[in-house]
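Here's the structure we're looking at; comments come further down.
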Number of protein chains: 2
Amino acid sequence: MPPSTAKGEARRSVLLDAVVRVLERGGPGAVTHRAVAAEAGVPLAAATYYFANIDDLLVSALRRATEQQVALFADLADPSLHDVARLLHDWTHANRASAIAQYELLFLAMRRDTLREAADLWYRSLENALGPRHDRRSRVAALAIDGLLLRMLWSGEPSTVAGIEAALRDILDPPAGRVSRPD
Amino acid sequence: MPPSTAKGEARRSVLLDAVVRVLERGGPGAVTHRAVAAEAGVPLAAATYYFANIDDLLVSALRRATEQQVALFADLADPSLHDVARLLHDWTHANRASAIAQYELLFLAMRRDTLREAADLWYRSLENALGPRHDRRSRVAALAIDGLLLRMLWSGEPSTVAGIEAALRDILDPPAGRVSRPD
DNA sequence: CGATTTTTGGTACATTTGTTCCAGAAAGAA
DNA sequence: TTCTTTCTGGAACAAATGTACCAAAAATCG
């Protein structure tokens, strides 16, 4: 039931903002029609009217989050290392709850097929933003940055822009020598 | 309420196995006293008796999963690259549901303080198993392996032991040259 | 043995949930 | 205006959930 009127569109948007807030505060398990309606300050029926079932709520929220994420990364065309570090810092510290919520949605997409498409879009856009090149070296860098994101969300370290920049430098321009034992 | 009798200990263990299965099948949201009791084939009261609340169930399950994970990695003392690749392949493909469940628990620990301790243990043990060394180079490798794990869980790629081994080689012994643009 | 603690299994209750329904208000089209 | 679609708000329902209770069985201890 997509809204046809301008007022309907506005209310749907208000509800989606509420979904994101509920999601950030309590995770996917906290997203219920009632919680979202209360957060948005609208009656329960409004939530069930615009989002027939829970998956509708989650899919729409993931889509909205993806759009915002894509826009955020698109702002940084050809960024310096410092720019990237600042972006990652903001994302994992200032917007930590939002970042966690997005990863939670991604994991949820592993179980719910209805979320799958939206999650694919998210992942591809992040991949493109982080490293449009496709040689082996930059693929490793993308993996390491993924891991770095997780670690920052989890432990909070590195916690400063400078620290993140140093980590990025290690990833992108590693010190010489091999770390592996021969196999 | 820890069990005092041998029979009690056994039943608690049966319940814990059931928790893990429920977790793997439906994620943390599916873990309820009733679901676990049904999965274990015991009455509801047995689940509430041995695990007073839901957090008890989740914490205990994460602890058990951690112990198994530590044991799994401990078996591989001084492994070859091929051994590590095979381990990762088994973990992310043969035991994919289990691996996903563990990550879900880790994310849940970001919100529930009661899970925090168990999650810390899990993370540290994985870190130690992957790379006991602590120079900058191996820290980057650990991050990249983390990211590789996520990617394998998410997309299934790389899907073969050989593919994983190649990725590990790229990570641990990267081709020369820098990937970053100057900042 | 008896006494005491632990475990069992069944039941019950208050909450919360997803979902449905419907009568009326609001908005848009004719 | 009238007519039709869209939206609103309130209510209700069955199902599932966390939690508590209790009497009886089983195990442990003296």
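The sequence lines fix the lettering, A, B, ..., with proteins before strands; numbering per chain opens at 1. None of these values were measured; they are calculated from a predicted model.
Among the heavy atoms of the strands lying under 4.0 Å from B/L44 is at least one base atom, whether or not backbone atoms are also near. A/T32 comes within 4.0 angstrom of sugar-phosphate atoms only, judged by non-hydrogen atoms across all strands, and of no base. At a threshold of 4.0 angstrom between heavy atoms, the contacts of B/A45 include nucleobase atoms, whether or not backbone atoms are also involved.
The interatomic distance linking B/R11 (CZ) with C/dT6 (P) rounds to 17 Å, in whole Å. Residue A/F51 contributes atom CZ, which lies 12 Å from atom P of D/dT8 at whole-angstrom precision. Atom CZ in A/R12 sits about 17 Å away from atom C1' in D/dT8, given to the nearest Å. The interatomic distance linking B/I54 (CD1) with C/dT16 (P) rounds to 16 Å, in whole Å. Computed from coordinates, the B/Y50 OH to C/dG9 P distance equals 10 Å when rounded to whole Å. A/D55 has its CG atom 14 Å from the C1' atom of C/dT19, to the nearest Å. Put simply, CG on B/L15 is 11 Å from P on C/dG9, counting in whole angstrom units.
Of the charged side-chain nitrogens involved, at least one lies within less than 4.0 Å of a carboxylate oxygen, so that A/E165 and A/R169 count as a salt-bridged pair.
Between A/Y49 and the phosphate of D/dT6, there is no side-chain N or O to OP1/OP2 separation shorter than 4.0 Å.
Closest approach of B/Y50 to B/R12, counting heavy atoms only: O-NH1, 3.3 Å.
Residues B/I100 and B/V20 do not share a hydrophobic cluster, defined by chaining ILVMFWY side chains whose heavy atoms lie under 4.5 Å apart.
Not one N or O on the side chain of A/H93 forms a donor-acceptor pair closer than 3.5 Å with the backbone of A/T160.
Listed nucleotides: D/dC7, C/dT19, D/dG9. Nearest to the side chain of A/T48: C/dT19.
Checking A/R34 against A/A46, the closest nucleotide of DNA chain D that is more toward the 5' end is the one next to A/A46.
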